[in-house]
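What follows is a single structure, written as structure tokens, with notes after it.
One is the number of the first residue; the rest follow in order along the sequence.
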Amino acid sequence: MISRFSIVTLVIFLLSAIFVIQPVSFPIRLPYLGRRRLWVNLTTAPIIAIAILWASQCLGATQIRDGIVGTDDIKPYNILILFISLAYMAITLDITGVLQAAAFWVSNKGGSNTRKLFFYFFVMLTLLSVVLGNDPVILSGTAFLVYYTAAAGLKPIAWLMAEFAAANTSSMVLFVGNPTNVVICEGFAVNNAAFTAYTILPFLACTVACYIALAVQFRSEKYLPRKVPVTAKLNVREVLRDPIGAWVGSFVLGTCLVVIIIVSFFKVDVWKISLPFAVAKLTFDLIWDHYRFVTGKIGNTTENQTGEAQDDPMVSELKRAMSMPPVERESTVVSISTTLPTTNSLDPQSTLTSIKSTKPELSSPIPLFPRQRAYLKRIHASFAAHFPTLATALPRLPFGLIPFAFSQFILIEALSHQGWIEVFSRWLTKATRGHMHPTIWLIGVLGVLLCNLAGTNIGATILLTKIVRAAPGFSHESTRAAAIALAVASNIGAVSFTFSASLAGLLWQTILKQKGIRIGQGSFAFWNMLPLAVMTTVGLAIVSAEMAVLY
């Protein structure tokens with residue numbers, strides 16, 4: 001039965017999704033702090049929605065508990081521990097310089113042929129994203145391409161859009177590539193190895209289709225000229241900061257992924273595997289950094305007069321190879337000083353804390369506890385010099401994903417409590433009649449659209465998983481087909497119309513703003529339109545063909 005409480009719950013859920021897509025702010029005046037701006041955005045909107053629903057008795061403690069502990073075999077804590085653990089291993093591997101070294105190697109192979117370079121970079125980013133996931137690749141790949149295009153005098157839009165599409169499309173291969181994949185595996189009881197078997201062909205088809213679409217829409221020499229003014233080969237070893245750490249990190253991450261796939265046949269919670277590997281990697285990082293510190297191999301960073309580090313090997317090597325002047329105005333970016341920042345400004349402060357579309361602005365900042373703040377700053381500087389890997393990795397970890405994901409689970413539980421999941425599932429059965437192929441296309445298209453409308457692809461995946469599981473009259477074949485279609489849609493749905501379609505999109509936008517490159521919402525949607533349409537059609541067609549052969 002749909003009641004007034006049900007209507008209020010649905011309206012509040014939709015409003016929270018709107019504020020995730022388009023944050024709003026209003027000024028407030030606080031004692032001692034002066035005038036500040038309070039934001040209703042990705043971080044705060046879902047939590048405010050839960051508070052309002054609880055106060056209005058639209059949900060209770062049971063729904064909040066279920067959103068944290070989980071229902072229907074979906075365990076939110078399992079998903080988040082797994083994701084944070086793998087993120088730590090991937091980010092610390094990136095810190096060693098592996099991704100930058102790979103980019104330099106690909107650049108040398110491509111030479112001065114822009115089209116060949118574009119193809120090589122696309123393939124490299126695709127392969128790295130399959131193993132590491134999209135977030136580490138977005139972190140390092142975006143910064144590198146900003147530097148590289150500025151150094152070569154290229155328009156960055158084609159390279160950045162290709163990077164974003166490649167990183168997000170590739171995350172559908174392994175179930176650990178995206179939190180949405182873990183939701184699908186747990187919600188539909190899909191074996192982790194079977195998940196890759198189902199998605200590998202759609203991934204290959206979507207990747208080829210995506211590259212063709214990108215090559216077509218960026219075919220003009222305005223975006224991809226024939227030649228890149230390369231003057232020297234890039235030194236790959238120059239940017240590989242820690243070869244031993246790179247080898248150990250690669251071994252630990254690779255072994256962890258293999259063990260997770262093996263134990264998935266024995267119904268073991270994946271967080272019980274990923275967490276010990278992450279702790280082992282953390283232990284190695286502390287011991288290795290301490291050894292390098294006491295032996296004088298790290299801890300001596302020179303600074304310029306502005307207090308910024310001058311030893312970023314990637315920037316130095318690009319300036320040398322491209323014969324860049326120290327200060328030069330570029331047409332594609334604000335300035336060299338903006339687009340080629342030093343190491344301190346290279347790393348975002350966090351994966352989701354800095355993901356907020358805009359940070360609160362201070363009209364008249366009043367420093368509180370100046371002595372204590374200065375003392376803590378000195379402690380942090382000392383710790384960062386002694387343990388640089390941990391000090392760099394911790395701010396990058398997506399801790400902000402934890403309250404956001406739990407909030408999404410709780411809001412979906414509220415919809416279920418008020419009867420909306422049952423209503424939506426009946427609509428799904430009427431629309432598809434439980435048939436497999438209509439289910440694939442309806443769930444796939446809805447998944448892509450809801451990534452933009454339901455509070456990122458995480459919210460869309462949780463919602464559609466609940467709806468399909470509750471759909472009356474659905475056969476095992478139709479349910480399994482819906483799961484694979486949703487896996488394709490939740491990953492390619494990030495290559496969509498709004499930055500908030502995925503957390504990676506918000507991170508990507510934040511990094512570009514820090515580097516002085518502005519890509520508006522309209523431009524983002526325009527360049528993603530053709531790749532998204534082609535990938536949706538090809539990907540769901542391959543899923544239909546797979547299901548027709550299997551069933």
Side-chain angles (χ1 to χ4, degrees), residues 94 97-132 134 136-170 207-240 312-324 328 330-333 336 339-340 346 495 508 511-512 515 517 519 527-528 530-531:
D94 171 35
V98 165
L99 270 66
Q100 295 175 2
F104 274 27
W105 183 82
V106 167
S107 176
N108 290 337
K109 289 294 181 182
S112 61
N113 188 318
T114 308
R115 306 288 170 148
K116 186 188 293 186
L117 269 173
F118 188 74
F119 174 72
Y120 284 177
F121 274 125
F122 185 85
V123 173
M124 179 201 74
L125 292 166
T126 297
L127 295 176
L128 287 173
S129 300
V130 168
V131 179
L132 299 178
N134 53 7
V137 174
I138 291 291
L139 275 167
S140 281
T142 304
F144 173 82
L145 288 174
V146 168
Y147 299 147
Y148 185 85
T149 53
L154 299 170
K155 284 185 175 294
I157 186 67
W159 306 81
L160 292 172
M161 297 306 299
E163 176 230 8
F164 185 76
N168 286 287
T169 303
S170 304
T207 299
V208 173
C210 180
Y211 177 77
I212 294 173
L214 290 167
V216 168
Q217 69 180 8
F218 292 118
R219 63 188 180 276
S220 171
E221 290 197 16
K222 173 184 178 182
Y223 301 108
L224 295 176
R226 293 186 179 275
K227 296 291 182 181
V228 176
V230 177
T231 58
K233 281 191 174 293
L234 296 167
N235 188 344
V236 176
R237 295 187 63 86
E238 185 71 21
V239 293
L240 190 58
D312 185 353
M314 181 171 68
V315 178
S316 301
E317 183 63 16
L318 279 172
K319 288 181 178 181
R320 181 196 65 80
M322 302 294 183
S323 297
M324 290 180 57
E328 179 180 332
E330 293 285 347
S331 60
T332 56
V333 290
I336 290 298
T339 41
L340 294 177
L346 174 62
V495 189
W508 186 75
I511 295 173
L512 291 182
K515 303 296 178 276
I517 294 181
I519 296 180
W527 292 118
N528 279 334
L530 180 60

Do Pro156 and Tyr148 make a side-chain contact, defined as non-hydrogen atoms from C-beta onward lying under 4.5 Å apart?
no
Ala103 versus Phe121, closest heavy-atom pair with distance:
O-CE2, 3.7 Å
Atom pair NZ/CG of Lys155 and Leu224 - distance to nearest 0.5 Å
12.0 Å
Determine which pairs satisfy side chain to side chain donor-acceptor pair (under 3.5 Å) with at least one residue from residues 114-130, sequence neighbours left out, and list them in order.
none
Enumerate, atom names and distances included, each donor-acceptor pair closer than 3.5 Å involving a side-chain atom of residues 159-168, sequence neighbours excluded.
{"residue": "Glu163", "atom": "OE1", "partner": "Thr142", "partner atom": "OG1", "Å": "3.2"}
{"residue": "Glu163", "atom": "OE1", "partner": "Trp508", "partner atom": "NE1", "Å": "3.2"}
{"residue": "Glu163", "atom": "OE2", "partner": "Thr142", "partner atom": "N", "Å": "2.9"}
{"residue": "Glu163", "atom": "OE2", "partner": "Thr142", "partner atom": "OG1", "Å": "2.8"}
{"residue": "Asn168", "atom": "OD1", "partner": "Asn134", "partner atom": "ND2", "Å": "3.1"}
{"residue": "Asn168", "atom": "ND2", "partner": "Phe164", "partner atom": "O", "Å": "2.8"}

Gap separating the CG atom of Leu145 from the CD1 atom of Ile157, nearest 0.5 angstrom
11.5 Å
Any residue meeting side chain to side chain donor-acceptor pair (under 3.5 Å) with Ser140, in chain and number order, not counting sequence neighbours:
Asp94
Which is it for Leu99 and Leu132 under the side-chain contact (heavy atoms from CB on, under 4.5 Å) test, yes or no, and what are the steps along the way?
CA-CA 10 Å; Leu99 270 66; Leu132 299 178; 3.3 Å; yes
Pair listing, side chain to side chain donor-acceptor pair (under 3.5 Å) test, anchored in residues 207-220, at least two apart:
none
With sequence neighbours left out, the residues meeting side-chain contact (heavy atoms from CB on, under 4.5 Å) with Ala209 are Val534, Val538
Contacts of type side-chain contact (heavy atoms from CB on, under 4.5 Å), residue Val208, not counting sequence neighbours:
Ile212
To the nearest 0.5 Å, atom NZ of Lys227 lies from atom CG of Leu154 at 13.0 Å
Report the relative orientation of the aromatic rings in Phe144 and Phe104; use parallel for angles under 30°, tilted for 30 to 60°, perpendicular for over 60°.
tilted
